[in-house]
Novice: 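Here's a structure for you.
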Amino acid sequence: MVTPVQPGLSRPAEPAPPGVPGASQEEIRRQNLGAVLRYVHVHGPTSRAELTGRLGLNRSTIGALAADLAAAGLVTEEAEAPTAARRAGRPSLVVSPRSARVYAHALSIEADRLRAARIGLGGRILDLREARRPSGMPVLDAVAPLAAFLRDMHRSVPDDALLAGGAAAVADTTRDGEGRIRIGAADEKLADALRAELPDGPGFVTGDMADIAAVAEHVRGVAAGVHDLIYLHGDLGVSAGIITGGRLVTGHRGHSGKVGHMVVNPEGLRCGCGSRGCWETEIGEAALLRHAGRAAGERGAVLDVVRAAVGGEPTAGAALGRVADWLGFGVANLVNLVNPDLVVFGGSLREVYSAGAGVVRRRLDGVALPASREHVQLRAAALGRDAALIGAAELAFGQLLADPLNAGVAG
């Protein structure tokens, strides 16, 4: 698996002091162009005056950079709308990303769904298609239907539109034809298969579902501005995206974050990975449904149990309480290990945490070290099911945001 440009905001370059070897003027200009484009990509329409203040560059430099980006067709510049609060004098031009013209392809191969989107610069979802992922479908078999979605979307793309890149988020846990849960790393040939199926585009990068959703929440969601966080994603399995110092931790070949396979209960159930008592056997969707006496495999079943628990149904309430307690136990261990400022709960764990937050927090406070737990915040993810697609788009835009005028976008 490949994880490209790291999340976080680019900062403008500072010239090297006289006589000290440093970046060339062209390199500084390239970095500053990226800083301006990334700012409006993340924050939306922004006046030149605000860019000047936020990025620490002078007005003439901001003006020249914005003009270059506009000439390249990446942003627009329009006069700021008059308001009563605006100071007298010449209005500042507002720089906006050209969302309808500059876009990325974003794919998510989920445990039970296939989703494809065209997402414009600025994070705007322009088009979205999805279909059920049949039980047992190998990752590479998802390439053809996803490519068909993208080709169909292309029919409505403006002639002057620019494709910045593509990325795919992949869940590594699925259900086989007999309904059994299977665990394994997503196929590393996926990027090549997508390129072969869509040879006219700029290619795809791929990554783990939790990693990519973590990027989305870090850039646009509940973790915006937080540089040390853990994003926990639940579906058939449990995995984590970990960001420290504003950078995604991917590990060897992108296989970090398999927190669902921490052994928390050696006397517990056998896990699909072959071990016994893994965390996901205690907090995964199957665990909640098992304790609630519900059948596994039904879409929406987790939400039904959570709603029943909130509504006072005793069996559902007991199931939710047990899973939330184990959730807090595992989070405490992760907090001791990583010492994040924030833990975000996504996928099906979002619903479990939202309904059982008090239980999760009590277990966390009882297990985690005071120095690690006292500052940590717990939050439900903000972006919902679109997090993986939004995060994939952020990765796909990485090259363009790093070097706006030389990214090689496809027309």
Novice: May I ask you to decide if the ring planes of F204 and H105 are parallel, tilted or perpendicular, using 30° and 60° as cut-offs?
Specialist: parallel

Novice: Quick one: list whatever passes side-chain contact (heavy atoms from CB on, under 4.5 Å) with R195, sequence neighbours left out.
Specialist: none

Novice: Is it true that R379 and E217 have a side-chain N and a carboxylate O under 4.0 angstrom from each other?
Specialist: no

Novice: Where the side chain of S92 meets the backbone of A49, is there a donor-acceptor pair that is under 3.5 Å apart?
Specialist: yes

Novice: Looking only at heavy atoms, which two atoms of A147 and E197 are closest? And how far apart?
Specialist: CB-CG, 3.2 Å

Novice: Does any part of the side chain of I28, heavy atoms only, come nearer than 4.5 Å to the side chain of N32, both counted from C-beta?
Specialist: yes

Novice: Is the backbone N or O of L378 less than 3.5 Å from a side-chain atom of Y353, with the two atoms forming a donor-acceptor pair by type?
Specialist: yes

Novice: How long is the straight-line distance from CZ of R322 back to CG of L288, given to the nearest 0.5 Å?
Specialist: 11.5 Å

Novice: Please find the pair of heavy atoms, one from A168 and one from A392, that lie closest to each other, and give the distance.
Specialist: N-CB, 4.5 Å

Novice: Given side-chain contact (heavy atoms from CB on, under 4.5 Å), test L400 with L162 step by step and report yes or no.
Specialist: CA-CA 11 Å; L400 175 66; L162 299 175; over 6 Å; no

Novice: Can you tell me how far the CD atom of E285 sits from the CG atom of L236, to the nearest 0.5 Å?
Specialist: 5.5 Å

Novice: Are any of the side-chain heavy atoms of E394 and H41 separated by less than 4.5 Å?
Specialist: yes

Novice: When you measure from the side chain of R38 to the backbone of L401, do you find a donor-acceptor pair of N or O atoms at a distance under 3.5 Å?
Specialist: no

Novice: Under 3.5 Å, side chain of E280 to main-chain N/O of V238, donor-acceptor pair present?
Specialist: yes

Novice: List, one per line, each side-chain donor-acceptor pair under 3.5 Å for residues 64-72, sequence neighbours excluded.
Specialist:
from: D68; atom 1: OD2; to: R29; atom 2: NH2; distance (Å): 3.0

Novice: Please examine the side chains of R294 and D304, heavy atoms only from C-beta on, and report whether any two atoms are closer than 4.5 Å.
Specialist: yes

Novice: Would you say the side-chain atoms of S354 pair up with the backbone N or O of V352, donor to acceptor, closer than 3.5 Å?
Specialist: no

Novice: For the residue pair R247 / H218, report whether a side-chain donor-acceptor contact shorter than 3.5 Å exists.
Specialist: no

Novice: Ignoring hydrogens, what is the shortest heavy-atom contact between W326 and N265? Give both atom names and the distance.
Specialist: CH2-CB, 3.8 Å

Novice: For residues S275 and H261, determine if any side-chain heavy atom of one lies less than 4.5 Å from a side-chain heavy atom of the other.
Specialist: no

Novice: Run the side chain to side chain donor-acceptor pair (under 3.5 Å) test against D127 and tell me which residues pass, sequence neighbours left out.
Specialist: R129

Novice: What's the separation between atom CD in E78 and atom OG in S47, rounded to the nearest 0.5 Å?
Specialist: 13.5 Å

Novice: Minimum heavy-atom separation for V94 to P45, with atom names?
Specialist: CG1-CB, 3.8 Å

Novice: Going by heavy atoms in the side chains, are P97 and V102 under 4.5 Å from each other?
Specialist: no

Novice: Tell me if a side-chain donor or acceptor on S96 pairs with a main-chain N or O of T76 at a distance below 3.5 Å.
Specialist: no

Novice: In Å and rounded to the nearest 0.5 Å, what is the OG1 to CG distance from T250 to D211?
Specialist: 7.0 Å

Novice: I'd like to check the side-chain contact (heavy atoms from CB on, under 4.5 Å) partners of A388; sequence neighbours left out, ordered by chain and number.
Specialist: S108, A169, M209

Novice: With side-chain contact (heavy atoms from CB on, under 4.5 Å) as the criterion, how do L198 and R151 come out once you've worked through the C-alpha distance, each side chain's angles and the decisive distance to 0.1 Å?
Specialist: CA-CA 9 Å; L198 299 161; R151 282 193 287 265; 3.8 Å; yes

Novice: Is there side-chain contact between E130 and R385, with at least one heavy-atom pair below 4.5 Å?
Specialist: yes

Novice: Taking the side chain as everything from C-beta on, heavy atoms only, tell me whether I109 gets closer than 4.5 Å to L190.
Specialist: yes

Novice: Do V226 and I243 come within less than 4.5 Å of each other through their side chains, counting heavy atoms only?
Specialist: no

Novice: Just jot down the side-chain contact (heavy atoms from CB on, under 4.5 Å) partners of A196, sequence neighbours excluded, or say none.
Specialist: none

Novice: Taking distance alone, no hydrogens or angles, what donor-acceptor pairs closer than 3.5 Å link side-chain atoms of residues 327-347 to residues at least two apart or in another chain?
Specialist:
from: N333; atom 1: ND2; to: F329; atom 2: O; distance (Å): 2.9
from: N336; atom 1: OD1; to: L369; atom 2: N; distance (Å): 2.8
from: N339; atom 1: OD1; to: H375; atom 2: NE2; distance (Å): 3.4

Novice: Given 3.5 Å as the limit, does a donor-acceptor pair link the side chain of R276 with the main chain of G268, or not?
Specialist: yes

Novice: Can you name the nearest heavy-atom pair linking L126 to S99, along with the distance?
Specialist: CD1-O, 3.4 Å

Novice: Of all residues at least two apart in sequence or in a different chain, which pass the salt bridge (Lys or Arg N to Asp or Glu O under 4.0 Å) check with R101?
Specialist: D160

Novice: Run the salt bridge (Lys or Arg N to Asp or Glu O under 4.0 Å) test against E50 and tell me which residues pass, sequence neighbours left out.
Specialist: R54

Novice: Holding to side chain to side chain donor-acceptor pair (under 3.5 Å), I want the full list of residues that pass it with T61, two or more places apart in sequence or in another chain.
Specialist: N58

Novice: Roughly how far, to the nearest 0.5 Å, is CG of L55 from CZ of R48?
Specialist: 13.5 Å

Novice: Checking side-chain contact (heavy atoms from CB on, under 4.5 Å) for the pair Y103/L121: CA distance, chi angles, key distance, verdict?
Specialist: CA-CA 5 Å; Y103 68 98; L121 191 66; over 6 Å; no

Novice: Taking salt bridge (Lys or Arg N to Asp or Glu O under 4.0 Å) as the test, write out the residues that go with D141, two or more places apart.
Specialist: none

Novice: With a cut-off of 3.5 Å and sequence neighbours excluded, list every side-chain donor-acceptor pair involving residues 305-315.
Specialist:
from: E313; atom 1: OE1; to: A316; atom 2: N; distance (Å): 2.8
from: E313; atom 1: OE2; to: T315; atom 2: N; distance (Å): 3.2

Novice: Look at the side chain of R270 and the backbone N and O of G274, then say whether any donor-acceptor pair between them is shorter than 3.5 Å.
Specialist: yes

Novice: Out of curiosity, R362 CZ to L364 CG, how far, rounded to the nearest 0.5 Å?
Specialist: 12.0 Å

Novice: Measure across Y231 and A214 and return the closest heavy-atom pair with its distance rounded to 0.1 Å.
Specialist: CB-CB, 3.6 Å

Novice: With salt bridge (charged side-chain N to carboxylate O under 4.0 Å, His left out) as the test, would you mind laying out the steps for D386 and R115 before giving the verdict?
Specialist: CA-CA 9 Å; D386 291 335; R115 308 182 82 212; 3.2 Å; yes

Novice: Under the criterion side-chain contact (heavy atoms from CB on, under 4.5 Å), I'd like the reasoning laid out for E27 against R30: C-alpha separation, chi angles, the key distance, then a yes or no.
Specialist: CA-CA 5 Å; E27 289 170 330; R30 184 182 300 119; 3.9 Å; yes

Novice: Going by the rule side-chain contact (heavy atoms from CB on, under 4.5 Å), which residues pair with A240 if we only count those two or more places apart in sequence or in a different chain?
Specialist: I230, L232, I242, V259

